[in-house]
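Step one of this worksheet: look at the structure below.
Just so it is clear, the model here is predicted, and its values are computed rather than measured.
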Amino acid sequence: MKFPRLVVIVGETGSGKSSLAHLLALENNGEIICADSRTVYKGMDIGTAKPTKAEQAEAKYHLLDVVESNEIYNAARFQTDANQAIQQISSAGKLPIMVGGTGLFIDSVLFDFDFGHVPNSELRAKLSALTLDELRVQALVIDENLDSNTLSNKRRLIRLIEVGEVVEQQNELRKNTIVLGLKIPKNELRKRIEQRTELMFRQGLRKEVDELVDEYGWDSEAMSGIGYREFQDYSEGKLSMTQVKNSIVKNTLNYAKRQRTWFKRNPHIEWFEDPVEAKKSVDNFLTTGQ
RNA sequence: GGCGCGUUGGCCGAGGAGUUAGGCAAAGGUCUGCAAAACCUUUUACACCGGUGCGAAUCCGGUACGCGCCU
C-alpha cells in the first residue's frame, strides 16, 4: 500500500491540536508523528511544549528529539522521516496521526513536495554576499514575474537561484488522508497562550534556557525559537523578566497568526472549533474510509 | 504671581513654511531544503484659538495642560 491511511491535525499554537491527537491515538490504536520544527530538538522541552513523559508513555510519539540542539533539521528531512514513520506505523497495523503547526513540514507530506536540488552551501555563501539588487537580477532571469514578496526576500531569492527554476506548485492531496484543522476564537487563543507561557515559566523554562545556552550559546539553532531567544535580552539587561514573558506571548501570537494564514489557503482542511466534532469526523473517515 | 521650556498618529521619536521620517505595536498577506524562519502591504499625526503668508504642523500672539526656575 503506497499511501496508508493518514490522519492529519493542524492548527495554530495553543489550538488544542496536540491533546486532540493524543486522544485520537489512544482511542484508535494510533501513533503520533509530530510535524513541528522545534520539538525535533533534544533538550528543548518546556519552551516547545513538547509532549510530556507521561503522554509519551501512553502513546507512541515519532520524530521527537531526533537531533541535537545545535544541528540543523529541515523540511526535506522531515518529509523523508515522516513518510518513513507513516509506513512503519501502518505496517505495524496502527494508525498514523500527524500533528503539528509547521505548515511547510505538513504540506511536504500532504502534497508530496519535490524539493528539487539539494542545497549547495558553497553557492549559498557566495550568493549571500551579494546585495538584494544583484540577487534580483539573477532571479528575474529565471522568472520575470516574481512578486514583491519574493523580490525583497534574500533568502528566497538565493534558494530560487540555487534551484535554477520555479518549482511547480503541487496541490493534489495525498490519498487516504483526512486533514482536520482546529481553530479557536482570537481572544480565547490569547488567554490560552498567556496561560501556557505562565506554565512554562513555572515548569522551569528559565533553567532550560540557561542549560541550553551554557552548552550551545546564544547563536545556536535552539536559541532561535520563540520562548528561548527572548531571554537573551534579559541576560543583557535590556528586558526585565516580566517583559521577557510579555514578549514571548506577543511573539507566540504573531506566530499563530502566520500559521493561520498558512493553513487558511489549504482547501482540504476541515475546520472545527469543537474537538468532539473533529473526532466524529475522524471516526467517520476510519469506518467509511472517506 | 513672574520667567523659561515643552505639547507630533496606540506608544516611542526625528523634522521643521509647500515631496513618506523612522522604530515599536496593530491588521492583512507571501511561502516547495534555515519555516517558532525570512519577507511584503496597510494605518497620513503634529494640543486649542486667532494672526501673518499664495501656502503653517513648521513663523507671531493668546489659551489650556505639563515640566523647571524665581519671588
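Nearest heavy atom pair, residue A:His268 against residue A:Asn171, reads NE2-O, 3.3 Å.
Between A:Val118 and A:Ser224, the residue whose closest nucleotide on RNA chain B is further toward the 5' end is A:Val118. Mapping A:Ser148 and A:Arg38 onto RNA chain B by nearest heavy atom places A:Arg38 closer to the 5' end of the strand.
In this structure, A:Arg265 reaches the B:C31 phosphate: one of its side-chain N or O atoms is under 4.0 Å from OP1 or OP2. One finds no side-chain N or O of A:Arg124 lying less than 4.0 angstrom from the OP1 or OP2 phosphate oxygen of B:G33.
In summary, A:Asp65 and A:Lys42 do not engage in a salt bridge, as defined by a charged side-chain N under 4.0 Å from a carboxylate O. A:Arg136 has a carboxylate O that lies under 4.0 Å from a charged side-chain N of A:Asp133, or vice versa, which qualifies the two as a salt bridge.
Under the 6.0 Å distance and 45° angle rule, A:Arg258 does not count as a cation-pi partner of A:Trp262. Geometrically, A:Lys245 engages A:Phe201 in a cation-pi contact defined by less than 6.0 Å to the ring centre and at most 45° from the axis.
A donor atom on one side chain and an acceptor atom on the other are not found under 3.5 Å apart for A:Tyr41 and A:Asn70. Counting only N and O atoms by type, the side chains of A:Thr13 and A:Gln259 include a donor and acceptor under 3.5 Å apart.
Within the nucleic acid shown, A:Gly227 has no heavy atom closer than 4.0 Å to any nucleic acid atom.
With hydrogens and angles left out, the side chain of A:Arg159 and the base of B:U32 share no donor-acceptor pair within 3.5 Å.
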What is the per-nucleotide protein-contact pattern of nucleotides 21-28 of chain B, from the 5' end, where B denotes a base atom under 4.0 Å from a protein heavy atom, S denotes such proximity for sugar-phosphate atoms only, and - denotes neither?
----SSSS
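Glycosidic conformation at B:G55 (O4'-C1'-N9-C4 for purines, O4'-C1'-N1-C2 for pyrimidines): anti, more than 90° from 0.
Taking a pair as Watson-Crick or G-U with both hydrogen-bonding distances under 3.5 Å, the stems of three or more pairs touching RNA chain B are B:1-7 with B:64-70, B:10-12 with B:22-24, B:26-30 with B:38-42, B:47-51 with B:59-63.
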